[in-house]
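One structure is given here, and the rest of the page talks about it.
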Amino acid sequence: MATEREEDAADYLKRHRIIELMDNLTSMLFFYRPENPREFLIEKLEELKLSQQHKVKGPNLFNSSNLDTVLRILDPANQKYITFAQYQQALITLGIKKFNECPEGANKDRISHETFKIEVTHGLQKCSTTYEQP
């Protein structure tokens, strides 16, 4: 059984999204493998702070080129759309837990590449900000 101090610590970590923050920073370190990891982490934390203060896009592991690659895998015939099931599984695989359950095209089971990129970008941004958002 957890002590009160342990429960307080767990609540603190959850409330401030510290685990998500550390996961995101660690993922970026492994992905980019910068020569100076401390400087890189400081830069990413500064970007995160600016994104919070100015309500702009913060640091993110995926860019448009990465999402194009994901789409080439999901849509090898280049039909310019994916199924709703592919959309859901891709977002879950990318670590996006809360996402739009009814994106444009869902009712026809055809999620356009553009809609996919918008939804993924929005979902990743929400995941990576690790601060309270409106």
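For E101, the CD atom counts as densely surrounded, since its 6.0 Å shell holds more than 12 non-hydrogen atoms of other residues, nucleotides or ligands.
Residue L21 holds its CG atom at 6.5 Å from CG of L48, rounded to the nearest 0.5 Å. How far CG of L124 is from CG of L67: 7.0 Å, rounded to the nearest 0.5 Å. Between the CG atom of D8 and the CZ atom of R5 there is a distance of 8.0 Å, given to the nearest 0.5 Å. The line from CG of L29 to CG of L41 is 4.5 Å long, rounded to the nearest 0.5 Å. Here the straight-line distance linking atom NE2 of H113 with atom CG of L71 works out to 5.0 Å at 0.5 Å rounding. Put simply, CD1 on I92 and OH on Y87 are 10.0 Å apart, with the number rounded to the nearest 0.5 Å.
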Full working for side chain to side chain contact (heavy atoms under 4.5 Å, CB included) between L45 and L25: CA-CA 9 Å; L45 287 168; L25 291 172; 4.0 Å; yes
From CA spacing to verdict: side chain to side chain contact (heavy atoms under 4.5 Å, CB included), M22, I19: CA-CA 5 Å; M22 299 311 291; I19 302 299; 6.0 Å; no
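No side-chain donor-acceptor contact under 3.5 Å links D75 to the backbone of I82. In this structure, Q86 contributes its side chain and T83 its backbone to a donor-acceptor pair below 3.5 Å.
Closest approach of T115 to E104, counting heavy atoms only: CG2-O, 3.7 Å. Here the closest heavy-atom approach between residue F116 and residue I111 is recorded as N-CG2, 4.0 Å. The minimum heavy-atom distance between K44 and M28, with the atom names listed, is CD-SD, 4.0 Å.
Shown here are the side-chain hydrogen bond (donor to acceptor under 3.5 Å, both in side chains) partners of S65, two or more places apart in sequence or in another chain: there are none. Applying the side-chain hydrogen bond (donor to acceptor under 3.5 Å, both in side chains) criterion to K117, with sequence neighbours excluded, gives S64, D68. Listed by chain and residue number, Y81 satisfy the side-chain hydrogen bond (donor to acceptor under 3.5 Å, both in side chains) test with Q79 (two or more places apart in sequence, or in another chain).
Ring planes of Y32 and F40: tilted class, angle from 30 to 60°.
The hydrophobic cluster containing I118 does not contain F99, counting ILVMFWY residues as joined when their side-chain heavy atoms lie under 4.5 angstrom apart, directly or transitively.
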